[in-house]
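Structure first, commentary second.
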Protein chains: 2
Amino acid sequence: MLGTQSKHVQNVLIIEDQHLMRTILVDELKGALTTCFVQGAANMSQAMDMLETNLFDLVIIDPGLPGFDPRSQSDRLAVVQTIVEMSPNAIHFVITGSDSDEEWRAMQKLGVSAYLAKNHIRPGSMIEVLDDFANEGLSVRFADEAMAPPEFVYSGLTPREQELINWMRQRPEGKSRRQIYEELGHRIGIDPDSAEKYYKRARAKLLKTGILPKGL
Amino acid sequence: MLGTQSKHVQNVLIIEDQHLMRTILVDELKGALTTCFVQGAANMSQAMDMLETNLFDLVIIDPGLPGFDPRSQSDRLAVVQTIVEMSPNAIHFVITGSDSDEEWRAMQKLGVSAYLAKNHIRPGSMIEVLDDFANEGLSVRFADEAMAPPEFVYSGLTPREQELINWMRQRPEGKSRRQIYEELGHRIGIDPDSAEKYYKRARAKLLKTGILPKGL
DNA sequence: TGAAACAGGGACAGTGCTGTCCCTGTTTGA
DNA sequence: TCAAACAGGGACAGCACTGTCCCTGTTTCA
């Protein structure tokens with residue numbers, strides 16, 4: 001189950017008690033794998049049910065489950081150990097809100113292949129994590145304070161329009177909009193003209209509703 | 001800014017260090033408000049920049065920010081207090097991974113209107129929270145172990161197909177599929193025939209790829 | 001002053017999801 | 001055995017988003 005196999009994983013289980021986080025992790029995995037079948041469990045008993053009745057290729061675990069003390073290192077390790085033992089043929093990733101180097105080492109001894117701080121997982125990151133794992137057999141991401149550009153979302157924009165606005169907001173000083181159109185068009189594989197159109201339409205919409213950020 | 005106003009909020013700031021959680025909160029807010037402008041900040045300095053240069057109607061805070069000790073009650077309260085003082089005209093919601101009754105009381109004294117445990121926020125919940133707030137001036141949701149039905153996602157299904165599969169998986173023993181079509185069609189405002197079609201198409205796709213759950 | 005960058009549009013085709021309506025068969029249970 | 005429930009499709013229209021190509025003006029700056 002190593003190597004190039006990892007992107008064709010079929011059966012994935014995500015064990016995480018926060019609904020929104022679980023939902024988006026399911027989506028991220030769906031996006032990172034070409035064809036797959038992702039299931040989510042919100043607590044230990046649900047997870048154990050599913051582990052008993054299914055064979056998973058990949059199990060993603062947040063050890064901070066309800067009924068266990070999130071401060072207790074032994075509780076966290078016990079959760080992971082139980083799950084690893086119930087799915088001996090699966091790959092196991094751990095996702096955590098509060099990471100530590102010691103915990104990663106302990107998890108690794110239990111057979112965990114990746115250890116990911118929640119605040120270091122961005123949309124699209126799971127692809128990189130799976131790549132790391134395919135190449136090196138493991139992937140580790142500790143918490144990270146690095147600046148991400150602030151988000152900005154207006155309810156009336158389509159995804160493409162949002163994308164163009166976001167890129168344009170990060171435009172460096174000396175760069176012309178045309179250069180952004182060129183660059184971005186190349187990056188996402190569309191005509192620079194189209195990129196220009198999306199930006200202009202987005203801008204027009206924002207102007208009409210009066211909420212146009214400062215960088216235009 | 002009370003009452004029916006709350007759904008027409010325009011400017012929203014979400015302060016949360018976990019990228020995925022922030023992303024989905026932005027989306028949830030975008031969905032819950034008719035027209036809005038949602039911004040996200042990943043840490044305190046970014047948040048303070050934005051609070052200085054913008055006027056927000058609603059600020060949503062996760063007090064567990066990088067640079068502060070998530071175990072320290074005083075750190076958490078200080079974060080919230082600073083933000084509340086910087087946006088005196090805004091409504092403030094607090095979202096937290098580890099909730100407690102005492103913390104909610106302390107937050108309330110700082111002027112916080114809603115206190116929400118992360119594991120109690122489901123997709124679509126923000127609408128209810130805003131309703132609660134509009135009616136009662138506050139909204140509180142402590143952590144909750146109640147069973148949510150396990151998720152199931154297959155990468156090749158459209159949203160509607162997913163929805164039908166998910167409803168059908170929860171079908172009670174004595175209920176016929178036709179009854180589900182009826183009920184669901186009524187609930188989401190489509191023809192029962194259409195519901196039937198979606199389910200059948202979804203089922204066919206799952207059969208073709210070999211991953212059909214047990215309940216059919 | 002002339003060229004590039006800009007704002008702000010229109011026309012058009014393609015695609016995927018939605019939703020309605022209709023069809024043929026097979027299985028199941030009262 | 002007869003009707004309802006089921007599996008598994010086809011045809012078709014509407015709609016939103018995408019993407020390409022083209023247009024007119026105005027501003028900016030070398």
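All heavy atoms count here, side chains included; hydrogens, waters and symmetry mates do not. Chain letters run A, B, ... following the sequence lines, proteins first, then strands; residues in each count from 1. Since we're looking at a predicted model, the values are computed, not measured.
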Q) Are any of A:Arg177's side-chain N or O atoms less than 4.0 Å away from OP1 or OP2 of C:dA4? A) no
### Task
Look at the side-chain N and O atoms of B:Tyr198 and state whether any lies under 4.0 Å from the OP1 or OP2 oxygen of C:dG19.
yes
Where the side chain of B:Asp57 meets the backbone of B:Ile91, is there a donor-acceptor pair that is under 3.5 Å apart?
no
Do any side-chain atoms of residues 122-130 of chain A form donor-acceptor pairs under 3.5 angstrom with protein atoms, and if so which ones, sequence neighbours left out?
residue: A:Ser125; atom: OG; partner: A:Arg122; partner atom: N; Å: 2.8
residue: A:Ser125; atom: OG; partner: A:Arg122; partner atom: O; Å: 3.0
residue: A:Glu128; atom: OE1; partner: A:Arg141; partner atom: NH1; Å: 3.4

Expressed as a whole number of angstroms, how long is the span from [X]:[atom1] to [N]:[atom2]?
X	N	atom1	atom2	value
B:Tyr181	D:dC6	OH	P	7 Å
B:Glu196	D:dG8	CD	C1'	10 Å
A:Gln179	C:dA4	CD	P	14 Å
A:Tyr199	C:dG9	OH	P	14 Å
A:Lys205	D:dC17	NZ	P	6 Å
B:Arg178	D:dA3	CZ	P	15 Å

With the side chain defined as heavy atoms from C-beta on, B:Arg203 is closest, among D:dA7, D:dT20, C:dG8, to D:dA7
Considering only heavy side-chain atoms of B:Ile190, the closest of D:dG19, C:dT18, C:dT20 is C:dT20
Residues A:Lys205 and A:Gly156: closest non-hydrogen pair is NZ-O, 3.2 Å
Check the side chains of B:Arg160 and B:Ser194 for a donor-acceptor pair under 3.5 angstrom, ignoring hydrogens and angles.
no
N/O donor-acceptor pair, side chain A:Lys197 with base C:dG10, under 3.5 angstrom: yes
Between the NE2 atom in A:His19 and the NE2 atom in B:His120, the distance rounded to the nearest 0.5 Å is 7.5 Å
5'-most contact on DNA chain C (nearest-nucleotide basis), B:Arg201 vs B:Asp193, goes to B:Arg201
Open item on the list: Regarding A:Ile188, tell me which of base, sugar-phosphate or nothing describes its non-hydrogen contacts under 4.0 Å with the strands shown.
Closed with: nothing
Contact class for B:Ile180 vs. all strands (heavy atom < 4.0 Å): base, sugar-phosphate, or nothing? nothing
Sorted by number, residues from residues 152-172 of chain B placing a heavy atom under 4.0 Å from DNA chain D are none
When A:Ala195 and A:Lys200 are each assigned the nearest nucleotide of DNA chain D, the 5'-most assignment goes to A:Ala195
From the list A:Arg22, A:Lys118, A:Arg76, A:Gln18, side chain to side chain donor-acceptor pair (under 3.5 Å) with A:Asp62 holds only for A:Lys118
Review point. Within 45° of the six-membered ring axis of A:Phe152 and under 6.0 Å from that ring's centre, is NZ or CZ of A:Arg169 located there?
Key: yes
